[in-house]
Peer 1: 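Handing you a structure now.
Every chain is numbered from 1 and lettered A, B, ... according to where its sequence line falls, protein lines coming before strand lines. Keep in mind it's a predicted model, so treat the numbers as computed, not measured.
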Number of protein chains: 2
Amino acid sequence: MSRSGADLALLFLGAYRSLVDTATTELAARGHAEFKPVHEFALRAIAAGADSASDLGRRTSVSKQAAAKTIAALLERGYVVSSPDPQDARRKRVEVTARGFDVMAQGEAVLEAARKRWEIQIGSAQLASLEAHLVILVGDAAIQADAPGWVADDSQ
Amino acid sequence: MSRSGADLALLFLGAYRSLVDTATTELAARGHAEFKPVHEFALRAIAAGADSASDLGRRTSVSKQAAAKTIAALLERGYVVSSPDPQDARRKRVEVTARGFDVMAQGEAVLEAARKRWEIQIGSAQLASLEAHLVILVGDAAIQADAPGWVADDSQ
DNA sequence: TGACATCGACAACCATGTTGTCTACAGTGA
DNA sequence: TCACTGTAGACAACATGGTTGTCGATGTCA
């Protein structure tokens with residue numbers, strides 16, 4: 001077959017897009033419209049302890065201003081709440097709400113379901129080996145779900 | 001191993017990013033700084049016959065204004081030239097320059113080299129099967145290199 | 001106590017897309 | 001031949017999601 005390198009790149013992008021689009025569409029259908037991958041990552045980082053804008057910025061490799069905007073968006077949609085930090089009057093502590101945890105759980109479920117469909121399609125062993133090879137090729141870069149500023153691609 | 005669906009998505013994104021970053025960096029080192037995937041796709045479309053802004057817009061599923069901006073960027077960097085169409089005074093015909101063909105060839109070569117490295121790393125048969133499975137999973141969506149507005153992710 | 005760091009807010013800017021509007025020109029049919 | 005309709009490209013305004021720079025308030029440490 002010997003596809004070209006460019007096609008290979010496109011294939012990866014297509015696979016990612018396919019999963020993410022599925023998730024976005026499904027989440028919208030389940031009452032979480034406008035929920036984008038960026039939000040998912042931010043929410044994860046907040047749940048993991050990034051409880052202020054500056055903190056979130058550092059963890060997601062983005063300026064604190066950008067992080068503040070993301071938090072504002074999450075706040076507006078009810079995925080997080082913020083309150084003044086009693087320990088430090090400069091800070092505002094951000095916390096994930098029940099709705100926030102819900103959207104994370106649903107997102108995970110949707111992606112897991114998509115993965116299951118693929119598993120059925122090409123076989124469990126094949127998918128496992130595909131994943132294993134990807135891990136080798138990509139290395140650690142993809143593992144830290146907290147980090148990427150490179151999730152900016154999104155749906156749009 | 002049974003990785004989660006979210007990890008799988010991240011893995012795909014990581015693989016894509018890895019290839020694209022390699023290509024962008026390499027191209028920059030070879031005298032094509034600031035050349036982004038979007039430019040690559042536009043250039044390909046132009047070479048394939050999209051010789052006007054409106055045309056390019058249609059082919060890459062983007063507004064003609066956005067296409068015009070992309071053309072302006074390519075123009076500025078010397079990858080295309082434009083001239084009034086003698087047949088139709090409304091149009092400006094866009095053509096890929098030698099430099100434009102060069103960057104396309106180099107890009108292809110760089111990606112091909114990256115693919116070769118992976119082939120060595122995990123084995124030729126493994127890479128082939130990975131690609132074959134991806135083709136099954138992604139379907140036709142990734143094949144038409146001309147289309148995607150979804151290459152907006154980029155380096156930045 | 002004073003120097004310095006950090007927090008969040010605000011403003012300005014950039015990149016890359018969008019829509020809407022405008023003028024020039026092409027093509028077509030009465 | 002002429003009016004109508006469609007299309008090309010230019011321009012303006014705006015949305016999104018980043019950036020940098022600056023500022024006042026607050027914390028921290030010598």
Side-chain angles (χ1 to χ4, degrees), chain A residues 20 24 33-43 45-46 49-77 80-95 147-156, chain B residues 17 24 33-43 45-46 49-77 80-95 147-156:
Chain A
V20 163
T24 305
E34 299 280 301
F35 192 78
K36 303 180 200 170
V38 178
H39 300 145
E40 171 82 16
F41 285 100
L43 219 43
I46 293 167
D51 66 344
S52 73
S54 296
D55 219 11
L56 179 60
R58 276 191 295 272
R59 296 221 202 182
T60 57
S61 310
V62 108
S63 66
K64 61 180 179 176
Q65 291 85 343
K69 286 188 193 178
T70 303
I71 288 177
L74 292 174
L75 219 41
E76 194 182 320
R77 290 166 174 79
V80 300
V81 288
S82 90
S83 49
D85 185 330
Q87 254 76 57
D88 186 338
R90 292 170 307 175
R91 313 185 102 218
K92 281 190 182 172
R93 284 189 41 221
V94 181
E95 282 172 301
W150 37 271
V151 197
D153 41 313
D154 246 297
S155 32
Q156 190 51 283
Chain B
R17 295 284 321 198
T24 306
E34 298 279 301
F35 192 79
K36 303 180 200 170
V38 178
H39 300 145
E40 170 84 15
F41 285 99
L43 217 44
I46 293 167
D51 66 345
S52 74
S54 297
D55 220 10
L56 179 60
R58 278 189 293 270
R59 295 222 202 182
T60 58
S61 309
V62 109
S63 65
K64 61 179 178 175
Q65 290 86 342
K69 288 186 193 179
T70 302
I71 288 178
L74 292 174
L75 219 41
E76 194 182 321
R77 290 165 173 79
V80 299
V81 287
S82 92
S83 49
D85 185 329
Q87 254 76 56
D88 184 339
R90 292 169 306 174
R91 313 185 102 218
K92 280 189 182 172
R93 283 190 40 220
V94 180
E95 282 172 302
W150 38 269
V151 197
D153 43 311
D154 247 293
S155 34
Q156 190 53 285

Peer 1: List the atom of B/Ala45, the atom of B/Arg59, and the distance in Å for their closest heavy-atom pair.
Peer 2: O-NH1, 4.4 Å
Peer 1: For B/Ala53 and B/Ala67, which heavy atoms make the closest approach, and how far apart are they?
Peer 2: O-CB, 3.3 Å
Peer 1: Is the phosphate of C/dG8 approached by A/Arg93 (side-chain N or O, under 4.0 Å from OP1 or OP2)?
Peer 2: no
Peer 1: Any side-chain N or O of A/Ser54 below 4.0 angstrom from OP1/OP2 of C/dG8?
Peer 2: yes
Peer 1: Has A/Lys92 got a side-chain N or O lying under 4.0 Å from the OP1 or OP2 atom of C/dA9?
Peer 2: yes
Peer 1: Taking atom C1' of C/dG8 as reference, at what distance in whole Å does atom CG of A/Leu75 sit?
Peer 2: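 Roughly 13 Å, once rounded to whole Å.
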Peer 1: So, are A/Lys36 and A/Glu34 salt-bridged, with charged N and O less than 4.0 Å apart?
Peer 2: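 Salt bridge between A/Lys36 and A/Glu34, a charged N being under 4.0 Å from a carboxylate O: no.
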Peer 1: For A/Lys92 and A/Ser82, work out which heavy atoms get closest and say how close.
Peer 2: CD-OG, 4.1 Å
Peer 1: Any stems for DNA chain D, made of 3 or more Watson-Crick or G-U pairs in a row, each with both distances under 3.5 Å?
Peer 2: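 DNA chain D forms these stems: C:1-30 with D:1-30.
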Peer 1: What is the separation between atom CD on A/Glu34 and atom P on D/dA15, rounded to the nearest whole Å?
Peer 2: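 Going from CD in A/Glu34 over to P in D/dA15 covers 14 Å.
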Peer 1: Has B/Ser63 got a side-chain N or O lying under 4.0 Å from the OP1 or OP2 atom of C/dT18?
Peer 2: yes
Peer 1: Given side chains that start at C-beta, do those of B/Arg91 and B/Asp51 come closer than 4.5 Å, heavy atoms only?
Peer 2: yes
Peer 1: I want to check something: taking the side chain as every heavy atom from C-beta on, are B/Val94 and B/Leu56 in contact at a cut-off of under 4.5 Å?
Peer 2: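 When only atoms from C-beta onward are counted, B/Leu56 and B/Val94 do not touch, as no gap falls below 4.5 Å.
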Peer 1: Would you mind reading off the distance between A/Arg77 atom CZ and D/dT16 atom C1', rounded to a whole angstrom?
Peer 2: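 These atoms are roughly 11 Å apart.
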Peer 1: Which heavy atom of A/Asp55 sits nearest to which heavy atom of A/Ala50, and what is that distance?
Peer 2: OD2-CA, 3.7 Å
Peer 1: Nearest-Å distance, CG (A/Asp51) to C1' (C/dC7)?
Peer 2: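 That distance rounds to 12 Å.
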Peer 1: Picking from D/dG18, D/dG17, C/dG17, which would you name as closest to the side chain of B/Ala66?
Peer 2: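 Nearest listed nucleotide: C/dG17.
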Peer 1: What is the separation between atom CG on A/Asp55 and atom C1' on C/dG8, rounded to the nearest whole Å?
Peer 2: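 Distance check: A/Asp55 CG to C/dG8 C1' gives 13 Å.
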Peer 1: Closest to the B/Ala53 side chain: C/dG17, D/dT16, D/dG9?
Peer 2: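 The listed nucleotide nearest to B/Ala53's side chain is D/dG9.
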Peer 1: Below the 4.0 Å mark, does D/dA10 have OP1 or OP2 next to a side-chain nitrogen or oxygen of B/Lys69?
Peer 2: no
Peer 1: B/Leu43 and B/Phe35: which non-hydrogen atoms are nearest, and at how many Å?
Peer 2: CD2-CZ, 3.8 Å
Peer 1: Roughly, in whole Å, what's the span from NE2 in A/His39 to C1' in D/dG17?
Peer 2: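 Going from A/His39 (NE2) to D/dG17 (C1'), I get 10 Å.
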Peer 1: Please give, in whole Å, the distance from D/dG18 C1' to A/Lys36 NZ?
Peer 2: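 Rounded to whole Å, this separation is 12 Å.
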Peer 1: Are B/His39 and B/Leu74 packed together at the side-chain level, in the sense that at least one heavy-atom pair is separated by less than 4.5 angstrom?
Peer 2: yes
Peer 1: Is a side-chain donor or acceptor of A/Thr70 paired with a backbone partner of A/Ala66 at a separation under 3.5 angstrom?
Peer 2: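 Side chain of A/Thr70 to backbone of A/Ala66: a pair is present.
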Peer 1: Grab the CD-C1' distance between B/Gln65 and C/dT23 for me, whole Å please.
Peer 2: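 Rounding to the nearest Å, CD of B/Gln65 and C1' of C/dT23 are 15 Å apart.
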Peer 1: Going 5' to 3' along nucleotides 23-30 of chain D, which nucleotides have protein heavy atoms under 4.0 Å from the base (write B), which only from the sugar-phosphate (write S), and which from neither (write -)?
Peer 2: --BBS---
